[in-house]
Amino acid sequence: MSEKPIVKDLKAILGADSVLTAPEDKVAYSYDAAVVEPVIPIAVVQPKSEKKLGKVITYCYRYGVPLTVRGAGTNLSGGTVPHENGIVVLTGRLDKIIELNVEDMYAVVQPGVITARFARTVEEQGLFYPPDPGSQAVSTLGGNVAENAGGLRGLKYGVTRDYVMGLEFFSAEGDLIKTGSRTVKCVSGYDLAGLLVGSEGTLGVISRIILKLIPYPTARMSMMALFADLLSASQSVAEIIAARVIPATLEFMDRFTIDAVERFSRAGLPTDVEAVLLIEVDGHPAQVEDEAKKVESICRKCGALNVRTAKNDEERDKIWEARRSALSALAKLRPTVVLEDATVPRSKIPQMVQAIEEISREFNVQIGTFGHAGDGNLHPTILTDKRDHDEWKRVESAVEAIFDAALKLGGTLSGEHGIGVAKAPFLYKEVGRASIKYARRIKGALDSRSILNPGKVLWLNDCHRE
Amino acid sequence: MASINRLIAMLESLEDDLVVCMRCGMCQSVCPLYRETRLETDVARGKLAILDGLRNALFEKADGVAKRLQRCLLCGACQAQCPSGVKSVEIFLKARAIISEYQGLPPVKRFILRKILAVPERFHRVMNFLAHCQKLVFKDTNSLSGTSCARIPVPLLGKRHITPLAKKPFHERVPSMYRQSSEGPTVAIFIGCLIDRVFPSVGEAVLKILSKVGAGIYLPGGQLCCGIPALSAGDWATFRNLVRKNAEVFSGEKFDVLVTACATCTAVIKEVWPVMMDDEPPAVFGKIRKISERTVDITEFMIKYGLVEKGKKLSGHLKVTYHDPCHLRKSLGIWKEPRAILDSLDRYTFVEMADADACCGLGGNFGLEHEDLSEGIGLKKAQSVIDTGVDVVATTCPACMIQLSDMLSKLGSGKPVKHVVELYVDGL
Ligand SMILES: Cc1cc2nc3c(=O)[nH]c(=O)nc-3n(C[C@H](O)[C@H](O)[C@H](O)COP(=O)(O)OP(=O)(O)OC[C@H]3O[C@@H](n4cnc5c(N)ncnc54)[C@H](O)[C@@H]3O)c2cc1C
Ligand code: SF4
Ligand code: SF4
């Protein structure tokens, strides 16, 4: 079907003010936060109700129009870059918190609710929604579920998946599917929510989410430990966990990142250290105090040059400011930033960091690494200028080398950023062709007309798009 | 197509600034406009992307991009928190100027900007005429906040509740002044159009404050607009003219500091003048830079020169809250100073409102051209003020004062809106 009648029909379904077709508007939905080639859609729609959302999908199914759902468009894998014959469906107007049940500790939300706004609202009721991706100030809960977003608190509190109790979503045909419930236990039917979490918009369009909440921890304490070498930092991580202390956050920054942060914000980080750990323990006050002491003494025993414990909120903010500014500090060095998230088993962090340093030298590209030491999720951040073709080629090779290194150490291509199109050519390396074929059979069965975010995730190898 | 190529060539100068945006989307968290519409072209990322699109020949005409660039409060919130350091406001201003140079300004706009704003005598004559007419045109809607709304429909003003023009502008009350001081610094004063025309009492408060510290005062006559209305309309030529003439006006005497009580003027003189005028001949640019480097906001000046004593404060019986003008907090990072001043006033108790740094929604021309959006943003602000239950709301920008009065009045609240320096001198 050609563009004109589709636009006309969509306007009839949604109202003309919810359909964007001007070239300028379409270009503004051709990209996301990943460094991939933009693709311009044929139209962009912004449904104002769940019902209208369903109608759009039914329509797309009938006429075989590909659709890509877009929350905040902050994913780092090209997951919201649309199909050239497809439309973009925005969830921004589906942004209501439908129910916040304090007694039973759950919430029901629409997919366009912004993560940080939700977390704040929940906190006001003394409850806690832990998943905190670095993009939480803008990301949507729908996007978080579809990417299975992680964050700083993954080690102790898990990731988005661990908080999804149930979903409502539209199938490719536009039927409303309900799965899971408002109860902690529920075994009625297949765990379809499990299938949808992390499916990057390829298996259904999420319209409602039931999220689990937990009590807000009453106390917390933050520390910063400086190390002269990587090994003792990693030794500390291992020993902290061996001592049965599970910090809420356990973050790592390498030398390159520390230098950048220091130059950028003068946070008072000494630049002669090789690694910094930023640690926060939370929970009951007595337990927090005890754990903080343990953490401090373990770090010292493992050879930390210095351990600072925040004595008040101001000092705590200072510590986390250093971590929060890591990406900004790096990003300011060069125009293009490629943010990877290769992940390895926790104990393999030193080898991985070393491998990244070697890759940086071998391909002559700048890489700063920071990330979640507690769960082995590193963010090697490559700084470059996409306009320099020669350098860009080297960057692409370096990215592939990083993937290979992570896989060799028993890790994964992506801890939390998703596969999208950016990592699709490499997926087979991790899971094997048979797994992709199996997943394709599921996709084929659930999306027979291939309209749900086609061209994402399931590539069989680097030259074959579906 | 040939002519769009000319535009593309003109946009070349923006390339190095445009590539800095990594499309992370973090600007969505602070953009007041995006919060209302959730549309990508309303936030910096989208605007930068379509500008890049224009540069890369994705569009046949510039109109669509120009229209979307105008949907922006130029509040600088995106720039202040951008992890990549994108100078978005500077880019938007330059792009507006480049595009309108290419397209030509619409005749009415050009007439107003070039023939009225840029010529002081004519500007004052027109404004005096308007001040005289306003009793005929407006009826009072709220005597406390002092706003009125149009009696007869004025298309440009829509349904705004307007703070009336003063009967006698500041420059007629105090045409010029030069007073040397033996101890203190010599302080130049840049008045700005809105203080001159709408809030002359703010200007008088500034004079009182400077006298109190025993500073030398240099208030040259013939001051002009800082230029931002022209620049945001894309009229680079008028902007340049205004800046050049202002630089001339302030070159008569030596001064150590230049103060303004208008957050927007301060930000424009400090941040916009130097980057937009850097291709002037060195002699002219030197003058401009000298002014720019010495410019401080009045509250910053007051703190620096010890006008606020800490500690010995009574708890006041009136409650006051403070609205952060974007141009002061986001552009210049000044937010502690005005609070410290309010906190020191014996008659007042300071109460923080929710989202005190959220934009008031005026954004210069934006408020007139996109009234509904502006109102959507502004009413939220007014509600935050009302929720605090204060007796008065203070701020440091006359434009914000107009918008706050308008919005409060629309919500039926007659809370007075005052400049921080007015409250300060009240207690002297
Ligand atoms: C600065 C920065 C920091 C980041 N930090 C982290 C981090 O710490 N941890 C982390 O995990 N990620 C992080 N990310 C990546 C990204 O923010 C997350 O993947 C986030 O979950 C995306 O949310 P979004 O609303 O932007 O989704 P989008 O980017 O809009 O969409 C993501 C995917 O979900 C699909 N989708 C969106 N809504 C729906 C729906 N309703 N139904 C079905 N499919 C849908 C889209 O089609 C797309 O495939 C970061 C990104 C940036 C730019
Ligand atoms: S302007 Fe800054 S914050 Fe916005 S998308 Fe670009 S880099 Fe990110
Ligand atoms: S200047 Fe303000 S309104 Fe304009 S894009 Fe930036 S944040 Fe949005």
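In the text below, chain A, chain B and the rest are named by the order of the sequence lines, each starting its count at 1. Only a predicted model underlies this, so the values are computations on that prediction, with no experimental measurement involved.
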Contact origin within B:L39 toward chain A - heavy atom pairs under 4.5 Å: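 Interface part for B:L39: both.
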
Contacting moiety of B:V65, where chain A heavy atoms sit under 4.5 Å: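 For B:V65, the contact with chain A is made by backbone and side chain together.
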
Among B:L48, B:V86, B:I50, residue most engaged with chain A (heavy-atom pairs, under 4.5 Å):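 Sorted descending by pairs with chain A, the first entry is B:I50.
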
Top contributor to chain A interface from B:L54, B:V19, B:V43, B:T41 [non-hydrogen pairs under 4.5 Å]: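 It is B:V19.
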
What pair of heavy atoms forms the shortest contact from [X] to [Y], and how long is it?
X      : Y     : result
A:A331 : B:M22 : CB-CE, 3.7 Å
A:R387 : B:E15 : NH1-OE2, 2.6 Å
A:A22  : B:R68 : CB-NH2, 3.4 Å
B:G46  : A:Y31 : CA-OH, 3.3 Å

What part of [X] is in contact with chain B, defined as an atom under 4.5 angstrom from a non-hydrogen atom: side chain, backbone, both or neither?
X      : result
A:T140 : side chain
A:R117 : neither
A:L330 : neither

From B:C24, B:C27, B:C31, B:S29, residue fulfilling side chain to side chain contact (heavy atoms under 4.5 Å, CB included) relative to A:V138: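 Going through B:C24, B:C27, B:C31, B:S29 one by one, the side chain to side chain contact (heavy atoms under 4.5 Å, CB included) with A:V138 is satisfied by B:S29 alone.
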
Backbone of A:A72 reached by a side-chain donor or acceptor of B:Q28 within 3.5 Å: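 Flag set: sc B:Q28 to bb A:A72 pair under 3.5 Å.
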
B:V20 backbone acceptor or donor facing A:R334 side chain under 3.5 Å: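 No, the answer is negative, given that no donor and acceptor are paired below the 3.5 Å cut-off.
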
Max heavy-atom pair count under 4.5 Å with chain B, selected residue of A:A137, A:A329, A:S139: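 Top option by heavy-atom pairs under 4.5 Å: A:A137.
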
What is the distance from atom [atom1] of [X] to atom [atom2] of [Y], rounded to the nearest 0.5 Å?
X     : Y     : atom1 : atom2 : result
B:E40 : A:E24 : CD    : CD    : 14.0 Å
B:L58 : A:K26 : CG    : NZ    : 11.5 Å
A:D95 : B:R35 : CG    : CZ    : 12.5 Å

Test salt bridge (Lys or Arg N to Asp or Glu O under 4.0 Å) applied to B:R23 and A:D32, step by step: CA-CA 7 Å; B:R23 305 280 187 267; A:D32 53 31; over 6 Å; no

